[in-house]
J.: 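Sharing a structure below in structure tokens format, with a few things to ask.
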Amino acid sequence: LKEENAALRSKINKLQILSETQADKMRKLEKKLEENKIKEEKEAQDLEAMVQHVEQNLQLMTKRAARAENSAAKLRQENALLQAELRNSRLENEALRAAQAGLAAAKQNAEVALQHLLQVTASSRASLRQLLSGAESLQLVADLLKCIDRISEVSEDGQ
């Protein structure tokens, strides 16, 4: 009976040691789980902050694109006015040549005005091309940001 008692005590001691070892492992795993939860929460917060930053950037780019489009519209109007002015200057130049062949100074002034208008027209066209290119680039960035937003929504649904 004593031997059996000693054997049972030995088993109880072994089981207690095993139980303590498993309890330690469980505490370590619980601690690791808690650390992982904290890490995931921080990553989620960081991701949310990044999404908010991206959304703010998208809003800024949208405003810039709207301003660029408004500027392009104004430049188109200015270009149309300059084209009309250019036509009028050409007509006036022709009339001056026909009516007053002897006024070389007037002719020279009309040519200077014409060249200036052509330069302004060319400059306006180049500015329009740049603005349209910038608006297309902003649209591309906006589309990419929409894709990123969709990806982040898919990631959140998958968790």
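If you're wondering where the values come from, they're calculated on a predicted model, not measured in any experiment. Below, all heavy atoms of this structure are taken into account, side chains as well, without hydrogens, waters or symmetry copies.
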J.: Under a 4.0 Å threshold between the charged nitrogen and the carboxylate oxygen, would Lys28 count as salt-bridged to Asp24?
T.: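 No.
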J.: About how many Å separate NZ of Lys14 and CD1 of Ile12, when rounded to the nearest 0.5 Å?
T.: 12.5 Å
J.: Just so I know, are the side chains of Glu78 and Lys74 near enough to count as touching, which here means a heavy-atom distance under 4.5 Å?
T.: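 Heavy-atom side-chain distance check fails, nothing below 4.5 Å.
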J.: With rounding to the nearest 0.5 Å, note down the distance linking NZ in Lys37 to CD in Glu30.
T.: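 Going from the NZ atom of Lys37 to the CD atom of Glu30 covers 9.5 Å.
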J.: Name all residues meeting the salt bridge (charged side-chain N to carboxylate O under 4.0 Å, His left out) criterion together with Lys39; count only those two or more places apart in sequence or in a different chain, and write none if there are none.
T.: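 Residues passing salt bridge (charged side-chain N to carboxylate O under 4.0 Å, His left out) with Lys39: none at all.
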J.: Roughly how far, to the nearest 0.5 Å, is the CG atom of Asn79 from the CZ atom of Arg76?
T.: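 These two atoms lie 10.0 Å from each other.
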J.: Apply the hydrophobic cluster definition, ILVMFWY joined by side-chain contacts under 4.5 Å directly or through others, and give me every member besides Leu29.
T.: none
J.: If I take atom CE from residue Met50 and atom CD from residue Glu55, how far apart are they, to the nearest 0.5 angstrom?
T.: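 So the gap between those two atoms works out to 11.0 Å.
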J.: Can you tell me how far the CG atom of Leu81 sits from the CD atom of Gln83, to the nearest 0.5 Å?
T.: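 Reported to 0.5 Å precision, the distance equals 10.5 Å.
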J.: Can you list, pair by pair, the side-chain donor-acceptor contacts under 3.5 Å of residues 84-91, counting residues two or more places apart and other chains?
T.:
{"residue": "Asn88", "atom": "ND2", "partner": "Ala84", "partner atom": "O", "Å": "3.4"}
{"residue": "Ser89", "atom": "OG", "partner": "Glu85", "partner atom": "O", "Å": "2.9"}

J.: For residues 3-10, dump all side-chain donor-acceptor pairs below 3.5 Å to protein atoms at least two apart in sequence or in another chain.
T.:
none

J.: Under 3.5 Å, sequence neighbours excluded: what are the donor-acceptor pairs made by side chains of residues 115-144?
T.:
{"residue": "Thr121", "atom": "OG1", "partner": "Leu117", "partner atom": "O", "Å": "2.7"}
{"residue": "Ser124", "atom": "OG", "partner": "Val120", "partner atom": "O", "Å": "2.9"}
{"residue": "Ser127", "atom": "OG", "partner": "Ser123", "partner atom": "O", "Å": "3.1"}
{"residue": "Ser137", "atom": "OG", "partner": "Ser133", "partner atom": "O", "Å": "3.1"}
{"residue": "Gln139", "atom": "NE2", "partner": "Asp143", "partner atom": "OD1", "Å": "3.1"}

J.: Enumerate donor-acceptor pairs with a distance under 3.5 Å from any side-chain N or O in residues 57-68 to protein atoms, sequence neighbours excluded.
T.:
{"residue": "Asn57", "atom": "ND2", "partner": "His53", "partner atom": "NE2", "Å": "3.3"}
{"residue": "Thr62", "atom": "OG1", "partner": "Leu58", "partner atom": "O", "Å": "2.7"}

